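Working notes for the structure below.
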Number of protein chains: 2
Amino acid sequence: MQISDRKKKILQAVVEEYIETAEPVGSKTIQHKAGLDCSPATIRNELADLCSSGYLEQPHTSAGRVPTAKGYRLYVNELMRQQKLSVEETEAINASLSAKAEELDQLISDAGHMASLVTNYPAVSITSQTPATIKRFDLIYIDPNTFIIVLLLTNDTVKNKLVHLPFSFEESMMTRLSAVFNASFTGITEDKISPVLISSSERAVGDTMGLCSVIAGFAIEILSTAKSGGALVTGEANLLKLPEFKDPEKAHRLMNYLSDTSNLSILPSLTQDGDVKVLIGPENVAEELKDSSVVLASYNAGDNMKGLIGVVGPTRMDYSSVAAKLSYIAASLSKLLGGGGSPPPGFGKLMIKGDDNDG
Amino acid sequence: MQISDRKKKILQAVVEEYIETAEPVGSKTIQHKAGLDCSPATIRNELADLCSSGYLEQPHTSAGRVPTAKGYRLYVNELMRQQKLSVEETEAINASLSAKAEELDQLISDAGHMASLVTNYPAVSITSQTPATIKRFDLIYIDPNTFIIVLLLTNDTVKNKLVHLPFSFEESMMTRLSAVFNASFTGITEDKISPVLISSSERAVGDTMGLCSVIAGFAIEILSTAKSGGALVTGEANLLKLPEFKDPEKAHRLMNYLSDTSNLSILPSLTQDGDVKVLIGPENVAEELKDSSVVLASYNAGDNMKGLIGVVGPTRMDYSSVAAKLSYIAASLSKLLGGGGSPPPGFGKLMIKGDDNDG
DNA sequence: GTTTAGCACTCAGGAAGATAGAGTGCTAAA
DNA sequence: TTTAGCACTCTATCTTCCTGAGTGCTAAAC
């Protein structure tokens with residue numbers, strides 16, 4: 001079905017006005033907003049058409065019009081103006097993101113914060129790693145009861161653990177353990193680490209104290225947790241400012257859904273690198289999101305790692321502005337994380353991909 | 001001022017009934033609840049007294065009574081029955097906490113989740129570390145362009161970073177760097193790491209490529225971030241179920257306050273190890289918490305590290321149950337983290353204090 | 001002196017009705 | 001095809017009324 005230009009203009013006016021005011025839009029308002037030189041009566045005729053073709057709807061007879069999901073979709077696909085960020089906005093984002101560029105976890109969480117801050121919607125920040133294996137084992141002997149395990153993974157992240165044992169061992173044991181683990185435990189997936197493999201290693205190094213078990217246990221733990229990425233939600237409080245969530249019941253349902261991060265794990269499958277994806281109302285699979293919209297932007301977080309930032313809000317969302325902002329943040333992240341740009345200059349920041357943690 | 005036993009009984013009945021129903025409590029209800037063998041009229045006389053001495057108040061003439069902060073305080077200090085957790089509750093907490101005992105960050109965040117889950121209030125989880133210094137440097141040479149920095153801190157946490165440089169260096173350089181850093185950079189605080197110290201190290205090892213700067217930069221970063229602990233808020237959505245937050249405006253104010261974790265950094269100063277602390281309404285310093293209550297429990301997270309879990313809710317909070325639950329969780333954490341108990345048995349879990357991170 | 005029954009009084013909250021106003025759809029003329 | 005005119009619809013708001021829970025006070029009973 002074809003839609004006349006005038007209808008599109010009208011639809012656009014309805015969407016933009018509704019986004020701003022959250023009130024059904026009447027014919028007179030549209031006339032002003034769209035700057036059309038025809039009377040409200042004419043616009044009413046067009047509105048009736050747009051209603052019957054499903055782009056708009058009326059909360060009740062004799063109310064103004066409200067966009068449907070189909071209406072928003074058309075708007076997003078064809079009518080939405082590409083929005084430019086203001087200099088202040090880009091500068092704020094840049095400053096906030098690059099300040100902490102040394103710490104990846106921090107950076108990703110900051111990106112979520114930032115997304116929520118600039119859009120005024122709850123934001124999600126998700127990372128998903130493709131399965132990694134261990135590239136290298138190092139064992140650092142500290143004292144007769146203590147050593148540190150350092151694992152270098154194929155995705156260039158480093159994991160460590162301090163192990164303190166109630167019995168003592170010799171430094172030479174570390175060297176032997178290193179050799180065996182580097183020989184037998186590198187390049188394999190979690191399920192390949194079997195009790196058989198562990199006991200054969202124990203025999204190989206003469207370990208009667210369970211050192212191999214400790215190290216292997218840590219390896220299993222790392223491999224199993226590394227494959228599931230983390231998700232983070234910030235700024236839920238923003239929902240409560242919106243008129244569509246003045247019913248606490250409704251707000252509660254959505255916030256509850258968002259607070260269970262396992263619900264969010266499907267999102268990464270929906271985006272393609274570099275793209276901004278918009279899911280409007282019923283386009284969402286989850287029942288809890290059927291009358292909300294989600295805007296997602298993915299970024300490249302370096303080797304084998306994909307990141308996603310997104311915001312959740314009512315279908316009446318300022319798609320244009322939100323998309324622009326997320327897109328910018330995602331691009332900045334890709335750049336900062338070396339996924340396609342030059343790293344930021346500065347002291348101690350040269351292509352560094354390590355990590356920090358608290359034990 | 002002395003309060004008769006009967007008045008105390010009545011106050012207790014009012015508090016407990018109000019906690020349950022969130023409705024002002026009338027004299028008849030109290031008669032039943034407290035099982036007093038006197039008439040409602042008598043109780044009304046007592047209520048009037050309790051009102052004038054400030055333990056109760058009336059939303060309006062001819063409504064029932066509601067406890068004031070002073071009333072809650074008396075209740076918490078003297079009248080509250082020590083509540084025992086059910087076996088299911090303790091088991092649920094134990095299971096959830098020990099399952100992930102290997103990862104400290106995870107454990108702390110789980111504890112927050114758990115606190116929110118069992119109490120149905122938003123929970124905060126805060127850790128504050130007392131300043132640590134670096135105990136030991138290790139540098140692991142990976143290839144001519146790559147090495148890993150491993151720092152062991154005095155509080156027995158381990159930090160690491162993979163550094164990939166655009167120029168190559170020899171393995172022997174690592175050994176020299178290790179020696180210098182272990183000699184000059186251990187045991188000192190962040191502000192002692194001066195450009196002068198760095199350049200003298202560069203001269204000592206013959207570093208013309210800025211390797212010393214990279215390592216020193218990482219050390220500074222670690223020392224400066226390690227001293228500020230992390231805070232985490234979970235379960236904010238729970239607020240919306242409560243009748244006192246049916247006004248979204250009110251809920252928004254509190255959630256906004258909580259979402260800024262820097263607001264929470266004063267909390268640790270309020271508790272003593274092992275104690276459960278209750279702050280009722282206006283006893284809170286922050287304006288935003290003046291009509292909410294906070295219950296805090298601290299735990300010992302091992303060397304030089306103090307942890308705090310707490311929940312935030314309306315003054316009408318089930319103090320007894322919340323205090324019992326938090327206390328139990330805090331005790332479990334202290335135990336798990338080796339701050340005064342035996343570590344849990346099991347594969348790979350022997351007094352381990354390391355950490356894992358994603359870079 | 002304390003307790004209690006009786007009673008008039010108060011006040012929040014909900015139901016019912018009245019009103020206003022925004023916006024519509026339709027018809028008939030331009 | 002557009003537009004002016006007009007009757008109509010429906011929500012939101014305001015007012016009024018009513019109900020019932022709960023009080024405070026008084027005077028009698030214990």
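All values reported here derive from a predicted model rather than from experimental measurement. Labels below follow one simple rule: chain letters A, B, ... track the order of the sequence lines, proteins then strands, and each chain is numbered from 1. Hydrogens, waters and symmetry mates are skipped; everything else that's a heavy atom, side chains included, is used.
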Which nucleotide wins on minimum distance to the side chain of A:Ser62, given the candidates D:dT23, D:dT2, D:dT9? D:dT9
With respect to the side chain of A:His60, which nucleotide from C:dC11, D:dT11, C:dT3 is positioned closest? D:dT11
In terms of side-chain geometry, is the basic nitrogen of A:Arg6 or A:Glu46 positioned less than 4.0 Å from the acidic oxygen of its partner? yes
Salt bridge check: are B:Glu283 and B:Arg73 linked by an N-O gap of less than 4.0 Å? yes
Taking [atom1] from [X] and [atom2] from [N], how many angstroms apart are they, rounded to a whole number?
X        : N      : atom1 : atom2 : result
A:Asn45  : D:dT3  : CG    : P     : 10 Å
A:Glu17  : C:dG23 : CD    : C1'   : 15 Å
B:Lys28  : C:dG6  : NZ    : C1'   : 14 Å
B:Glu46  : C:dG1  : CD    : C1'   : 13 Å
B:Asp37  : C:dT4  : CG    : P     : 8 Å
B:Lys246 : C:dG13 : NZ    : P     : 8 Å
A:Ile43  : D:dT2  : CD1   : P     : 11 Å
A:Leu36  : D:dT3  : CG    : C1'   : 15 Å

With DNA chain C as reference, determine whether B:Thr61 or B:Pro40 sits nearer its 5' end, using the nearest nucleotide of each. B:Pro40
Heavy-atom nearest nucleotide on DNA chain C taken for B:Arg44 and for A:Ile30; more 5' hit belongs to B:Arg44
Side-chain donor-acceptor pair present, A:Ser293, A:Tyr319, cut-off under 3.5 Å: yes
Side-chain N,O ([X]) to OP1/OP2 ([N]) below 4.0 Å:
X       : N      : value
A:Arg65 : C:dG23 : no
A:Arg6  : D:dT1  : no
B:Gln58 : D:dG24 : yes
A:Ser27 : C:dG23 : no
A:Ser39 : D:dT3  : yes

Any side-chain heavy-atom pair of B:Lys8 and B:Leu79 under 4.5 Å: yes
Do B:Leu74 and B:Ile3 have side-chain heavy atoms sitting under 4.5 Å apart? yes
Find the partner of C:dA18: check Watson-Crick (N1-N3 plus N6-O4 or O6-N4) and G-U wobble (N1-O2, O6-N3) distances, both under 3.5 Å, and reply none if neither fits. D:dT13
